[in-house]
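Have a look at the structure below before the remarks.
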2 protein chains.
Amino acid sequence: MAARETNPSFMNGVPELLILRLLQQDEMYGYEIVQAIRSRTDTVISVGEGVVYPVLHGLERDGALASRRRTVKGRSRIYYSVTAVGSHRLADLSKTWSNMAAAIQRMLMGGQHAEGIQ
Amino acid sequence: MAARETNPSFMNGVPELLILRLLQQDEMYGYEIVQAIRSRTDTVISVGEGVVYPVLHGLERDGALASRRRTVKGRSRIYYSVTAVGSHRLADLSKTWSNMAAAIQRMLMGGQHAEGIQ
DNA sequence: TTGCAATGCCTCGAACCTCGAGGTACTGTA
DNA sequence: TACAGTACCTCGAGGTTCGAGGCATTGCAA
């Protein structure tokens, strides 16, 4: 009971968006993505491997990502890159995200309604 | 099978944030909140009654909201208002949201890392 | 008067996502 | 030899949202 430490988690769908974005800039592998998100957001956002791998598999299944196995320094890695489908998907998600974030921001800042600022 | 029409849903936790924010400005009732969110965001964001009522009940249970029943024009409504606890909670959620939204925005816009824009 | 849309409240199950823990395997180093 | 780090993966629990459906009342139009 009591106020359970329910973490806000505004995260729904965000991992997919960020992963797509990162892979559009650089070919990367799962383990690397987990750390890249942490470091590039100064740990504000942190997605575990339990989230990244399933998302990676799902995106590949949908044809949004392509993968190739490479061995670097005795380490086997699976590098992912964005396909045309994935690129289109990123554009969509990105746009949707921006619209929603802007709408929310407006509500948090703005006064009553979308009244004339006069 | 095929690509399931999975709506992006970047929505996690957002309903609670918006509801708290609206109620901080005006005392409102459930049905009204549903429409207020739709209209103030130009339908960019739309939360159904199936989301609003449970959230309202949960927030009240946690002491973040106070309610009082009023009958207006033969219509019985339950008006909610934010308590001190709720106000504090809104501040927290608001801050968390801003941080995350900013971090994501940075990743979507920015180049590689947090490089000098120069 | 009948009928239907809108107002208002509420709940339930399906579907979805994320989290954290736990597993396997290999390399490098103390 | 042992442990930390790299690298992959899966599973169950827990939390949210969605959509449909239910109930009751008021108001307006046919």
Side-chain angles (χ1 to χ4, degrees), chain A residues 1 3-19 27-39 43 45-62 65 67-80 93 96-97 100 104, chain B residues 1 3-19 27-39 43 45-62 65 67-80 93 96-97 100 104:
Chain A
M1 315 344 176
R4 187 183 272 44
E5 176 55 60
T6 315
N7 64 330
S9 91
F10 296 104
M11 302 295 306
N12 228 307
V14 169
E16 182 176 325
L17 174 63
L18 297 184
I19 288 171
E27 191 184 37
M28 293 174 99
Y29 53 99
Y31 192 82
E32 186 183 10
I33 293 174
V34 171
Q35 301 172 98
I37 292 179
R38 255 191 269 269
S39 73
T43 72
I45 294 174
S46 179
V47 283
E49 297 174 37
V51 171
V52 170
Y53 287 114
V55 168
L56 246 19
H57 300 157
L59 286 174
E60 181 172 29
R61 177 175 45 67
D62 292 350
L65 295 181
S67 69
R68 66 179 176 124
R69 168 169 257 109
R70 269 212 296 168
T71 297
V72 179
K73 295 219 253 183
R75 234 117 209 179
S76 182
R77 301 170 176 168
I78 299 175
Y79 283 84
Y80 292 88
L93 291 180
T96 301
W97 163 264
M100 295 189 53
I104 292 169
Chain B
M1 317 335 171
R4 187 183 274 50
E5 176 54 62
T6 315
N7 64 330
S9 92
F10 295 104
M11 302 295 303
N12 226 306
V14 169
E16 183 177 323
L17 174 64
L18 297 184
I19 289 172
E27 191 184 37
M28 294 174 99
Y29 52 98
Y31 191 81
E32 187 183 10
I33 293 175
V34 171
Q35 300 171 99
I37 292 178
R38 255 192 269 272
S39 73
T43 72
I45 294 175
S46 179
V47 282
E49 297 175 37
V51 171
V52 170
Y53 288 114
V55 168
L56 245 19
H57 300 156
L59 286 174
E60 181 172 28
R61 176 176 45 68
D62 291 349
L65 294 182
S67 69
R68 64 180 178 123
R69 168 169 258 109
R70 268 212 297 168
T71 297
V72 180
K73 293 222 255 184
R75 234 115 208 182
S76 182
R77 301 170 176 167
I78 299 175
Y79 283 84
Y80 292 88
L93 291 179
T96 301
W97 163 264
M100 295 189 54
I104 292 169

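Here is how names work: the chains are called A, B, and so on, in the same order as the sequence lines, proteins then strands, and each is numbered from 1.
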Output a table of nitrogen or oxygen pairs between the protein and nucleotides 21-29 of chain C separated by less than 3.5 Å.
unit_1: dT27(C); atom_1: O4'; unit_2: R75(A); atom_2: NH2; d: 3.3

> Over how many whole Å does the gap from E16(A) atom CD to dT18(C) atom P extend?
Replying inline: 8 Å
>> Working note: L56(B) + I19(B), criterion side-chain contact (heavy atoms from CB on, under 4.5 Å); need CA distance, chi angles, decisive distance, verdict.
In response: CA-CA 8 Å; L56(B) 245 19; I19(B) 289 172; 3.7 Å; yes
> Taking side chain as C-beta onward, heavy atoms only, is V34(A) less than 4.5 Å from Y53(A)?
Replying inline: no
> Roughly how many Å is it from CZ in F10(A) to C1' in dT18(C), rounded to a whole number?
Replying inline: 15 Å
> Whole Å only: how far is the CG atom of N12(B) from the P atom of dC19(C)?
Replying inline: 9 Å
>> Measure OH/Y29(A) against C1'/dC9(D) and give the value in whole Å, please.
In response: 16 Å
>> Show, in sequence, the C-alpha distance, side-chain angles and deciding distance for L59(B) and Y80(B), and conclude whether the side-chain contact (heavy atoms from CB on, under 4.5 Å) test is met.
In response: CA-CA 10 Å; L59(B) 286 174; Y80(B) 292 88; over 6 Å; no
> Rounded to the nearest Å, what distance is computed from the CZ atom of residue R38(B) to the C1' atom of nucleotide dT17(D)?
Replying inline: 14 Å
> Do W97(B) and L17(B) have side chains that get closer than 4.5 Å, going by heavy atoms?
Replying inline: yes
>> Given dT18(C), dC9(C), dT6(D), identify the nucleotide with an atom nearest to the side chain of Y31(B).
In response: dC9(C)
>> In this structure, how many angstroms lie between the P atom of dT18(C) and the NE2 atom of H57(A), rounded?
In response: 15 Å
>> Of the listed nucleotides (dG8(C), dC19(C), dT10(D)), which one gets closest to any side-chain atom of Y53(B)?
In response: dG8(C)
> Should the pair E32(A)-R77(A) be classified as a salt bridge under the 4.0 Å nitrogen-to-oxygen rule?
Replying inline: no
> Using a distance-only test with no angle check, is there a side-chain donor-acceptor pair under 3.5 angstrom linking T43(A) and R38(A)?
Replying inline: no
>> Please evaluate residues Y31(A) and E49(A) with respect to the criterion side-chain contact (heavy atoms from CB on, under 4.5 Å), reporting the C-alpha separation (whole Å), side-chain torsions for both, the decisive distance (0.1 Å), and the verdict.
In response: CA-CA 7 Å; Y31(A) 192 82; E49(A) 297 174 37; 4.0 Å; yes
> Atom CZ of R77(B) to atom C1' of dT26(D): distance rounded to whole Å?
Replying inline: 12 Å
>> In whole Å, I'd like the distance from the CG atom of L17(B) to the C1' atom of dT16(D).
In response: 15 Å
>> Measuring from the side chain of P54(B) (C-beta onward, heavy atoms only), which nucleotide among dA7(D), dT11(C), dT17(D) has the closest atom?
In response: dT11(C)
